[in-house]
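Atoms within a ligand are numbered from 1 in the order they appear, just like the ligands themselves.
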Amino acid sequence: MTTLIDALDGFEPETALVLGSGLGGLVDAVDVSLRIPYSDLDGFATSKVSGHSAELIAGELGGHKVAVLSGRIHYYEDGDSAAMRQPLTLLRDAGINRLILTNSAGSTDPDMPPGSIMQIKDHINFSGTNPLIGEPSDDRFVGLTSAYDKAMRKAFRRTARALDIELHRGVYMWFSGPTFETPAEIKMARRWGADAVGMSTVPEVILARFLGLDVAAFSVITNFAAGMTGNELGHSETKEWAPIGGKRLTQLLTTTLKEGFA
Ligand code: HPA
């Protein structure tokens, strides 16, 4: 076991990226300096979800120093929505000031099919919990009016236009999982303003804003949500479709990091 700072051995990432289910392919675009299994790092819990690995990769993406979290722990794994608090705090202490989150999600929008990429512009926390419950300081009262950084959103949109990548924009609704939603829940989600539904990301966004990090987040759509087609849902769609949208997402992230957020 070692501390993150010791493991990074002088490498100073500016941005952290969290890879969602089936999105590990992004690592192929990274010029890797270090690969550190979470099991070697103090404070990093290991996800056991298939399709997720469990290591931190330090290197350059588009010439920009990044720490890539290949695998995240989910609320549904052990009921702790603050499981990512320590890793994110340690990364902040190691110098990162920006967090880019990715996930696989179901679409509630008939015009946003599997393979689409959605930039998250806002979220609905439908889980009934919050990772800052129990935080004693007044810092827990985090404003989330502009949780998803405007300058970053603009920069990603600019790149998407330049690369001719269709980038949807929408609201992500966090369900606890691990079951998929019911058709009735999806009808409700759509009426309440959700464009995509999933089992992650929102707790990390909350924690990152608490820690003072700028945040951007993307969903790769792996399926139409429950009840929208005749099909039953399972984890296999996620594993099948995530790498497809993931390729374009990698292009979008790499080019934007290369060009910067100014
Ligand atoms: N619901 C919740 N999480 C998901 C879905 C979904 O339809 N697809 C991928 N992750």
Side-chain angles (χ1 to χ4, degrees), residues 17-26 47-54 69-81 83-84 100-131 167-206 216-250:
L17 278 110
V18 175
L19 305 185
S21 292
L23 296 171
L26 180 138
S47 169
K48 294 178 184 64
V49 181
S50 70
H52 277 265
S53 67
L69 299 187
S70 185
R72 63 146 73 76
I73 191 156
H74 301 77
Y75 172 53
Y76 62 72
E77 292 183 60
D78 61 5
D80 177 12
S81 67
M84 290 296 290
I100 301 174
L101 296 153
T102 65
N103 62 49
S104 295
S107 168
T108 69
D109 178 355
D111 295 327
M112 188 165 66
S116 302
I117 305 173
M118 187 185 92
Q119 182 178 49
I120 301 179
K121 63 176 185 184
D122 202 351
H123 71 234
I124 299 171
N125 178 355
F126 190 67
S127 70
T129 189
N130 189 298
L167 184 60
H168 296 258
R169 276 179 267 172
V171 173
Y172 175 90
M173 192 169 199
W174 176 34
F175 283 82
S176 75
T179 54
F180 285 93
E181 300 72 29
T182 63
E185 286 164 348
I186 293 304
K187 273 192 196 147
M188 175 206 71
R190 181 90 191 128
R191 284 194 195 134
W192 284 9
D195 303 288
V197 293
M199 308 178 193
S200 68
T201 304
V202 168
E204 291 114 73
V205 170
I206 293 170
F218 297 90
S219 292
V220 170
I221 301 300
T222 54
N223 55 279
F224 281 121
M228 292 175 68
T229 67
N231 304 339
E232 185 51 281
L233 294 176
H235 195 42
S236 60
E237 282 92 347
T238 302
K239 290 203 234 176
E240 185 186 333
W241 279 95
I244 296 168
K247 283 213 176 92
R248 272 173 301 130
L249 183 57
T250 297

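In plain terms, the two heavy atoms of Pro110 and Met228 that are nearest each other are N-CE, 3.9 Å. Between Met199 and Thr179, the shortest heavy-atom distance links the atoms CE-O, 3.5 Å.
Note that OH of Tyr76 and OG of Ser200 are 8.0 Å apart. Values are rounded to the nearest 0.5 Å. Between the CD1 atom of Ile186 and the CZ atom of Phe180 there is a distance of 10.5 Å, given to the nearest 0.5 Å.
Side chains of Asn125 and Ser127: a donor on one and an acceptor on the other come within 3.5 Å. There is no side-chain donor-acceptor pair under 3.5 Å between Asp195 and Thr108.
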List, for ligand 1, each N/O atom that has a protein N/O partner under 3.5 Å away, with both atom names and the distance.
unit_1: ligand 1; atom_1: 1 (N); unit_2: Glu181; atom_2: OE1; d: 2.8
unit_1: ligand 1; atom_1: 1 (N); unit_2: Glu181; atom_2: OE2; d: 3.3
unit_1: ligand 1; atom_1: 7 (O); unit_2: Asn223; atom_2: ND2; d: 2.9
unit_1: ligand 1; atom_1: 8 (N); unit_2: Gly106; atom_2: N; d: 3.3
unit_1: ligand 1; atom_1: 8 (N); unit_2: Asn223; atom_2: OD1; d: 2.7
unit_1: ligand 1; atom_1: 10 (N); unit_2: Ser104; atom_2: O; d: 3.3

